[in-house]
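See below for the structure under consideration.
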Protein chains: 2
Amino acid sequence: MVSKTCEYAIRAMLFVAQKSKTATKVGVKQIAKAIDSPEPFIAKILQDLVKKGLVLSAKGPTGGFYLDNAGFKKSLADIVNAIDGDKLFTGCGLGLKSCSAKMPCPVHDEFVVVRKHIKAMMQNAKLGDYNTSLELGEKYLKR
Amino acid sequence: MVSKTCEYAIRAMLFVAQKSKTATKVGVKQIAKAIDSPEPFIAKILQDLVKKGLVLSAKGPTGGFYLDNAGFKKSLADIVNAIDGDKLFTGCGLGLKSCSAKMPCPVHDEFVVVRKHIKAMMQNAKLGDYNTSLELGEKYLKR
DNA sequence: CAAGTAGAAGAGTAAAAACTCCTTTATTAC
DNA sequence: GTAATAAAGGAGTTTTTACTCTTCTACTTG
C-alpha cells in the first residue's frame, strides 16, 4: 500500500507527536528504538520530513525532533504525499498512465471508490489523534 | 497498491479472458502488444500464473494462453493473491508483524475497514466481467 | 570558549523488484 | 518424421528501494 520508508515515517511521526504533547524533543536514537527501525535510515527519513516542513528539529544537546501545534494537525495523507507522492490517491490501479473517466481501465470505477475511501481515511487521521491511546499502551508502534 | 508484476498479470488475464470468450488462444507476443508490456517479462508472469492454475496454456503452433469456464470466474483477488500474496488484504498498514485487534497499531481499525473494502471489491471483480466493455472499446488495457 | 551532543549532508552498499536472454521441450502441420 | 511454432525453464542484468557509514555543522551547557 505504502513504501516501507513511508511506514517508518508515519510511525516515527506518531511517536514524535506523542512526545511533543509534553513539550519533549526526541533524538534519532530514541525514535529508532521506539519504532524498531534502523537508526541511520530513520535519521535520513526525518531529515527529509524536516525539509518538507512536516516536523521541526533542533541541533545540539537537548535537541531533537518535535511538533508544534500546526504539526499535530498534519494527517497521514500529508506524510504519504511527502514520501510516496500521490500515486496511491490518484494513480491507476492497473498502472496505466492515461487512465481516467474518459479512457478508463476495466476496473477504473471500482478503484476510484476505493482510493477515495483510502484518501478520506488518511486525511482524517491526524498526528495528534493518537497520543492518549499510545500513552495508555492500547496502541503499538513496533513489532 | 499492488506490484507492477501484478498489474501486468491482471491486464494480461483480462485480455486472455476477452479472447477466450471466442475460444481463441493468444500468444505472448499478442498479449504483450495488447497490454503494452515487455514481452519476456509478461512471458515469465504468465508461466507463473499457469503453474498456479489461474490460466491454461498450450504449446506448439496454434498454442497460447486461454481460460476455461472456471477461469472466467477467477477474481482479481485471486490474481493478486497468487502474485503478491495476501499482505494487501491482511498486512498491517504501518508494517507491523504482530498488528492485530489484540495488539493494534494506531490506525489498525481504520485499515481493517479499508482493506475489507479493497478485498470485497477485488473478489467481486471477475475476469469474465469485462469482455463486453473491452470488446466495445469502452475500457482500455494499455496507455 | 571549549567540549560534547545531536542533526545535516553526501556518498556508498545491499537487497529486492523489474526486466532480459538463451536454451530446451512440447505440439502441430505438412 | 521434419520443420516450424510457441511455451517452459534457468540463469542472468538493470533499476529501484532499502539501508549504512563517514564527515561536517550547529547548538547548548558549564
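Protein chains get the first letters and strands the later ones, always in sequence-line order, with residue 1 at the start of each. Owing to the predicted nature of the structure, the values given are computational and were not obtained by experimental measurement.
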- request: Tell me, please, which residues at least two apart from Asp84(B) pass salt bridge (charged side-chain N to carboxylate O under 4.0 Å, His left out).
  value: none

message: Once ring pair (Phe, Tyr, Trp, His ring centres under 6.0 Å) is applied, do any residues pair with Phe65(B), and if so which ones, sequence neighbours excluded?
response: none

- request: In sequence, state the C-alpha distance, the side-chain angles, and the governing distance for Asp86(B) and Val80(B), and then conclude on side chain to side chain contact (heavy atoms under 4.5 Å, CB included).
  value: CA-CA 8 Å; Asp86(B) 68 348; Val80(B) 172; over 6 Å; no

Close residues, residues 83-95 of chain A, relative to DNA chain D [heavy-atom separation under 4.0 Å]: none

field: Per-nucleotide protein contact string for nucleotides 4-19 of chain C (B base, S sugar-phosphate only, - none; heavy atom under 4.0 Å)
entry: BBBBBBB-------SB

query: With Lys33(B), which residues qualify under side-chain contact (heavy atoms from CB on, under 4.5 Å), at least two apart?
result: none

task: For DNA chain D, note the earliest and the latest nucleotide, 5' to 3', having some atom under 4.0 Å of a heavy atom belonging to chain A.
output: dA18(D) to dT29(D)

task: Identify, with sequence neighbours excluded, every residue that meets ring pair (Phe, Tyr, Trp, His ring centres under 6.0 Å) alongside Phe41(A).
output: Tyr8(A)

For Tyr66(B), the rest of its hydrophobic cluster, which grows through side-chain links under 4.5 angstrom: Leu56(B)

- request: Can you sort out the partners of Phe15(B) under ring pair (Phe, Tyr, Trp, His ring centres under 6.0 Å), two or more places apart, ordered by chain and number?
  value: none

message: Among residues at least two apart in sequence or on other chains, which ones pass side chain to side chain donor-acceptor pair (under 3.5 Å) with Ser75(A)?
response: Asp78(A)

What pairs of donor and acceptor atoms, side-chain ones from residues 114-125 of chain B against any protein atom, are under 3.5 angstrom apart with sequence neighbours left out?
from	atom 1	to	atom 2	distance (Å)
Arg115(B)	NE	Gly91(B)	O	2.8
Arg115(B)	NH1	Phe89(B)	O	3.4
Arg115(B)	NH2	Gly91(B)	O	2.9
His117(B)	ND1	His117(A)	ND1	2.6

What pairs of donor and acceptor atoms, side-chain ones from residues 100-113 of chain A against any protein atom, are under 3.5 angstrom apart with sequence neighbours left out?
from	atom 1	to	atom 2	distance (Å)
Ser100(A)	OG	Lys102(A)	N	3.3
Ser100(A)	OG	Met103(A)	N	3.3
Glu110(A)	OE2	Tyr130(B)	OH	3.0

